[in-house]
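First comes the structure, then the notes that go with it.
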Amino acid sequence: MKSPAFVIFLGLILGCMPLFAQEAYILKLQPQPGTEYRFQTMIKTQVNSSNGELSMSTQMEHGLSSRVKAVSDAAITLMEKIENIKGNAKSMGVDINFDTDKPTEGNPTMMGQLNQMVGKSVTSQIKPNGVFISGEPLGAGLIGGSDTGADFRTISGNARFPADAVKIGESWTVIDTIINQGMLTVATTVWTFKAIEDDLAVLVSSGQGTIAGSPLTAPEAKIKGTLIAEGFSKVELKTGVSREASHKIRAQMEMDYQGNKQNMTSETESVSRMMK
């Protein structure tokens with residue numbers, strides 16, 4: 001038989017549990033106007049065809065500065081600038097290296113495109129939940145660059161924040177529709193508030209989607225496929241600004257070019273970190 005003291009103690013503990021109910025947090029992008037952040041980002045892409053005729057891999061790193069011009073309940077206005085770009089591209093036996101800090105080296109055509117991007121300031125707007133509103137794309141003029149103005153932003157770690165306050169362990173679903181280079185991607189992503197590390201909210205994501213369209217570089221081709229994605233973002237609880245983020249997308253596609261069909265797979269991994 002349990003002692004009366006134990007029963008009384010247990011009753012007190014259970015009675016006090018509501019006092020320790022889990023806290024809910026409002027997650028959103030709310031940096032201070034005038035603050036400037038710097039990020040280093042790495043993007044790796046590998047594309048392969050089933051018959052081995054197409055194989056391409058790229059690895060690119062770039063430094064980005066992002067200055068907060070204005071903040072409101074409706075939008076955050078940013079002035080962004082790519083500071084440098086370096087990397088490597090391999091395709092069909094051709095190997096190209098590039099580094100904007102070494103302007104006289106590397107492929108002249110590639111260097112010419114990259115040098116048009118470096119140091120150019122562009123203004124964009126995003127909602128506090130991380131959804132892109134408007135702006136000139138940082139990759140304008142670069143082959144493969146976005147023609148929509150980047151729908152995902154480094155400053156938020158590509159996160160999509162929920163409309164309501166959430167507790168650790170809770171999830172929310174986001175549907176993104178993106179048109180880029182003639183291709184339509186519709187992705188459904190489940191975000192989960194995984195944990196708090198010091199002053200950072202750890203958000204993990206997993207999703208799937210579809211791809212369809214004709215690339216601007218090959219309008220005669222028709223592409224359709226599916227994708228799966230996973231990743232995480234560590235954002236400041238106070239500002240919603242990302243300290244670190246990593247995302248991976250795997251896609252399986254079928255390309256129909258003038259009656260000839262070819263299956264392809266691609267994998268893209270991106271990692272970004274705030275620089276002190």
Is there a side-chain contact between F193 and K167, using heavy atoms and a 4.5 Å cut-off? no
Does any part of the side chain of K90, heavy atoms only, come nearer than 4.5 Å to the side chain of N88, both counted from C-beta? yes
Is the closest side-chain donor-acceptor distance between Q262 and N260 under 3.5 Å? no
Could you go through M79 and S65, starting from their C-alpha distance and side-chain angles, then the distance that decides it, and tell me whether this counts as side chain to side chain contact (heavy atoms under 4.5 Å, CB included)? CA-CA 8 Å; M79 177 70 76; S65 65; over 6 Å; no
Heavy-atom neighbours of D95 CG exceed 12 at 6.0 Å: yes
Can you tell me how far apart OG1 (T41) and NE2 (H62) are? Round to the nearest 0.5 Å. 4.0 Å
On a heavy-atom basis, which atom in I155 and which in S66 lie closest, and how many Å separate them? CD1-OG, 4.0 Å
Show your working on side chain to side chain contact (heavy atoms under 4.5 Å, CB included) between V241 and F39 and close with a plain yes or no. CA-CA 11 Å; V241 175; F39 302 93; 4.2 Å; yes
Could you tell me whether the side chain of M60 reaches within less than 4.5 Å of the side chain of I85, counting heavy atoms only? yes
Could you tell me which non-hydrogen atom of T123 sits nearest to which non-hydrogen atom of T77, and how far apart they are? CG2-CG2, 3.8 Å
What residue among I228, L227, T185 forms side chain to side chain contact (heavy atoms under 4.5 Å, CB included) with I249? L227
Before you tell me yes or no, could you show the steps for N48 and Q46 under side chain to side chain contact (heavy atoms under 4.5 Å, CB included), namely the whole-Å CA-CA distance, both residues' side-chain angles and the distance that decides it to 0.1 Å? CA-CA 7 Å; N48 293 299; Q46 177 72 44; 3.2 Å; yes
Would a 4.5 Å heavy-atom cut-off, applied to side chains only, mark V174 and T188 as touching? no
Stepwise side chain to side chain contact (heavy atoms under 4.5 Å, CB included) test for R38 and E83: CA-CA 9 Å; R38 295 181 64 249; E83 298 177 332; 3.1 Å; yes
Parallel, tilted or perpendicular: which fits the ring planes of W172 and W191, with parallel below 30° and perpendicular above 60°? parallel
Of T189, D176, N129, the one forming a side-chain hydrogen bond (donor to acceptor under 3.5 Å, both in side chains) with R160 is D176
Would you say the side chains of T239 and E236 form a donor-acceptor pair under 3.5 Å? yes
Is it true that R153 and S124 share a donor-acceptor pair across their side chains at a distance under 3.5 Å? yes
Distance (rounded to the nearest 0.5 Å) between F132 CZ and Q125 CD: 9.0 Å
Quick one: does S214's side chain have a donor or acceptor within less than 3.5 Å of a partner on A221's backbone? yes
Taking S233's backbone N and O only, do any of them form a donor-acceptor pair with H247's side chain (distance below 3.5 Å, no angle check)? no
One should read off an interatomic distance between L216 CG and M183 CE, to the nearest 0.5 angstrom, of 9.5 Å
Between Y37 and L237, is there a shared hydrophobic cluster once you connect ILVMFWY residues whose side-chain heavy atoms come closer than 4.5 Å? yes
Between G63 and Q40, which heavy-atom pair has the shortest distance, and what is it? CA-OE1, 3.7 Å
Tell me whether I82 is reachable from M42 by hopping between hydrophobic residues (I, L, V, M, F, W, Y) whose side-chain heavy atoms are closer than 4.5 Å. no
Which atom pair, heavy atoms only, marks the closest approach of I133 to A75? CD1-CB, 3.7 Å
With rounding to the nearest 0.5 Å, note down the distance linking CD in Q59 to NZ in K86. 10.0 Å
Mind listing the closest non-hydrogen atom pair of V47 and S266 along with its distance? CG2-CB, 3.9 Å
Pairwise distance OG1(T35) to CG(L78) - rounded to 0.5 angstrom: 11.0 Å
Least distance between heavy atoms, F161 atom then K28 atom: CD1-CA, 3.7 Å
Do any side-chain atoms of residues 194-212 form donor-acceptor pairs under 3.5 angstrom with protein atoms, and if so which ones, sequence neighbours left out?
{"unit_1": "E197", "atom_1": "OE1", "unit_2": "K234", "atom_2": "NZ", "d": "3.3"}
{"unit_1": "D199", "atom_1": "OD2", "unit_2": "R243", "atom_2": "NH2", "d": "2.8"}
{"unit_1": "S205", "atom_1": "OG", "unit_2": "G231", "atom_2": "N", "d": "3.4"}

Please table the atom pairs, donor to acceptor, closer than 3.5 Å between any side-chain atom in residues 267-275 and protein atoms at least two apart or in another chain.
{"unit_1": "E267", "atom_1": "OE1", "unit_2": "R250", "atom_2": "NE", "d": "3.4"}
{"unit_1": "T268", "atom_1": "OG1", "unit_2": "T45", "atom_2": "OG1", "d": "3.4"}

Taking side chain as C-beta onward, heavy atoms only, is L27 less than 4.5 Å from P162? yes
